[in-house]
Asker: 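Structure below; questions to follow.
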Amino acid sequence: MNILKKGRFIFPVLMLSFIPQTFAFEALPDKPPIPADNKMSAEKIELGKQLFFDPRLSVDGTVSCNSCHNVMASGTDNRPVSVGVLGKKGGRSAPTVWNSAFLTAQFWDGRAATLEEQAKGPILNPIEMGMPNEKAVVKRINSIPGYVSQFKTVFGGKEPVTYDNIAKAIAAFERTLITTSSPFDRYVKGDKSALSKQAQNGMKLVEAVGCTSCHTGANFSGPMSLPMGQGFFQKFPTFPGSEYDKKYDLVADLGLYTVTKKNEDKNLWRVPTWRNVALTAPYFHNGSVKTLDEAVRVMGKTQLNKSLKDNEVKDIVAFLNSLSGTFPKVTMPRLP
């Protein structure tokens with residue numbers, strides 16, 4: 001039986017271990033869900049892009065959203081942990097922003113229900129962008145006439161520059177960061193030449209060994225039917241005690257427990273997407289694993305209690321490589 005509790009959807013270990021899962025492979029939709037209170041427009045998207053690239057949202061003017069989520073590349077900074085203002089280092093690896101609009105909860109621990117809520121976090125985080133409070137952020141944006149003019153156009157009202165509206169604009173831009181037309185997508189749409197034989201073997205293998213019990217849905221991050229705010233979580237490691245726990249320090253960070261302080265949430269993590277995973281090394285919440293091959297071995301042992309053979313790892317990696325999509329062109333904005 002699936003477990004559902006307070007915005008969390010969890011697959012229990014018994015389901016993963018003993019009940020075969022049937023997974024319908026599906027292409028990524030061209031457009032993500034759009035919230036009713038944050039409709040998209042060209043002007044809002046452009047404003048959000050400027051804010052995403054603007055280091056003036058950080059306390060010392062050195063760090064932007066793009067610093068850790070580089071949309072000119074993988075949507076991450078490809079570091080084990082990100083570096084924020086004054087050279088401060090965080091404790092977790094930056095997740096990719098590409099296709100994050102399809103996630104039903106944000107951050108590794110799923111503590112943010114929406115992209116709008118997620119966008120508010122790093123700006124005020126003392127390690128990341130370091131602004132002291134929302135009022136200081138609004139004051140800084142209000143001091144830039146070009147932004148004030150754009151906020152009036154996009155949001156209207158007497159005081160259009162608000163912290164909520166800053167987050168809404170950034171989230172609107174992030175919802176354009178979709179990578180469709182991967183070899184896998186073309187294959188499931190009917191182009192049977194799009195995947196190599198090895199990748200096809202890997203596609204069959206991830207289902208046969210049980211990977212798709214968690215990495216399900218078109219985004220390979222959980223059921224697409226879950227409402228926003230209801231995160232899809234799994235224990236990591238599900239089978240503790242392997243050599244990898246110590247080698248890669250997998251259990252020191254307690255995941256969702258750091259938010260809820262509930263014992264049942266220890267080492268519980270939002271299931272990450274497989275989309276573009278070949279480009280987002282290093283891997284896992286602490287960026288401890290350098291290569292995709294090794295990450296597959298670690299997942300096989302810690303999540304399925306299986307020691308994958310070298311040829312199985314190669315086939316799975318070939319399939320995961322096929323999930324790298326076509327990146328829309330993103331141009332550097334001229335900041336006001």
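Values below: every heavy atom of this structure, side chains too, minus hydrogens, waters and symmetry copies.
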Asker: Are Leu250 and Leu254 connected, step by step, through hydrophobic side chains (Ile, Leu, Val, Met, Phe, Trp, Tyr) whose heavy atoms are closer than 4.5 Å?
Answerer: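 No.
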
Asker: Might you work through the side chain to side chain donor-acceptor pair (under 3.5 Å) test for Thr62 and Asp60, ending with a clear yes or no?
Answerer: CA-CA 6 Å; Thr62 62; Asp60 60 0; 2.6 Å; yes

Asker: Can you confirm whether the side chains of Asp77 and Ser82 place a donor and an acceptor under 3.5 Å from each other?
Answerer: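 Present: a donor and an acceptor within the cut-off.
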
Asker: For Glu312, is there an ion pair with Lys309 - N to carboxylate O distance below 4.0 angstrom?
Answerer: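 Looking at Glu312 together with Lys309, the answer is no, because their closest N to O distance does not fall below 4.0 Å.
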
Asker: Any side-chain donor-acceptor pair under 3.5 Å between Thr260 and Asp265?
Answerer: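 Looking only at side-chain atoms, Asp265 and Thr260 do form a donor-acceptor pair, the distance falling under 3.5 Å.
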
Asker: Could you report the tightest heavy-atom contact between Pro237 and Asp245, atom names first, then the distance?
Answerer: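 Shortest heavy-atom contact: CG-OD1, 3.7 Å.
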
Asker: Without hydrogens or angle criteria, can the side chains of Ser221 and Asn219 be said to hold a donor-acceptor pair below 3.5 Å?
Answerer: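 Yes.
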
Asker: Does the plane of the ring in Phe220 sit parallel, tilted or perpendicular to the ring in Phe25? Use 30° and 60° as the thresholds.
Answerer: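 Tilted.
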
Asker: What distance do Lys120 atom NZ and Glu117 atom CD have between them, rounded to the nearest 0.5 Å?
Answerer: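 Going from the NZ atom of Lys120 to the CD atom of Glu117 covers 7.5 Å.
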
Asker: Any donor-acceptor pair under 3.5 Å linking the side-chain atoms of Asn286 with those of Ser288?
Answerer: yes

Asker: I'd like to check Glu128 versus Val63 (side-chain heavy atoms, cut-off strictly below 4.5 Å). Are they in contact?
Answerer: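 Result no, sub-4.5 Å side-chain heavy-atom pair not found.
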
Asker: Please determine, by modelled atom types, if Thr179 and Asn276 share a side-chain donor-acceptor pair under 3.5 angstrom.
Answerer: yes

Asker: Identify the heavy atoms of Met131 and Leu57 that sit nearest to each other, and give their distance.
Answerer: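 Minimum heavy-atom separation between Met131 and Leu57: CG-O, 3.1 Å.
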
Asker: May I ask you to check whether Gln303 and Thr238 show a side-chain donor-acceptor distance below 3.5 Å?
Answerer: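 Gln303 vs Thr238: donor-acceptor pair found between side chains.
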
Asker: Checking ring-ring contact (aromatic ring centres under 6.0 Å, His included) between Phe284 and each of Trp269, Phe236, Tyr248, which is the one that passes?
Answerer: Phe236

Asker: Looking just at side-chain N and O atoms, do Asp109 and Tyr257 make a donor-acceptor pair shorter than 3.5 Å?
Answerer: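 No, because no side-chain N or O of Asp109 sits under 3.5 Å from a partner of the opposite role on Tyr257.
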
Asker: Is the closest side-chain donor-acceptor distance between Asp164 and Thr162 under 3.5 Å?
Answerer: no

Asker: Look at the side-chain heavy atoms of Ile, Leu, Val, Met, Phe, Trp and Tyr, link any pair under 4.5 Å apart, and say whether Val296 and Val289 land in one connected group.
Answerer: yes

Asker: We want to know whether Lys247 and Ser242 form a side-chain donor-acceptor pair, criterion being a heavy-atom distance below 3.5 angstrom.
Answerer: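 Result is no, nothing qualifies.
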
Asker: To the closest 0.5 Å, what do you measure between OH (Tyr244) and CE (Met299)?
Answerer: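 The distance works out to 12.5 Å.
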
Asker: Check the hydrophobic clustering (I, L, V, M, F, W, Y; side-chain heavy atoms under 4.5 Å; chains of links allowed) and say if Val161 and Ile123 are grouped together.
Answerer: yes

Asker: Do Lys235 and Glu264 sit within salt-bridge range, that is, some charged N less than 4.0 Å from a carboxylate O?
Answerer: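 So Lys235 does not pair with Glu264 through a salt bridge.
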
Asker: Taking atom types as modelled, find out whether Glu46 and Gln150 have a side-chain donor-acceptor pair closer than 3.5 angstrom.
Answerer: no

Asker: Side chain to side chain donor-acceptor pair (under 3.5 Å) for Asp54 and Tyr147? Distances and angles first, verdict last.
Answerer: CA-CA 11 Å; Asp54 200 334; Tyr147 271 139; 2.8 Å; yes

Asker: OG of Ser181 to CG of Asp30: how many Å apart, nearest 0.5 Å?
Answerer: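 Between Ser181 OG and Asp30 CG, I get 7.0 Å after rounding to 0.5 Å.
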
Asker: Is Lys192 close enough and on-axis enough to Tyr187, meaning under 6.0 Å and within 45°, for cation-pi?
Answerer: yes

Asker: Report yes or no: do Ser74 and Asn70 form a side-chain donor-acceptor pair below 3.5 Å?
Answerer: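 Side-chain D/A pair, Ser74 to Asn70: absent.
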
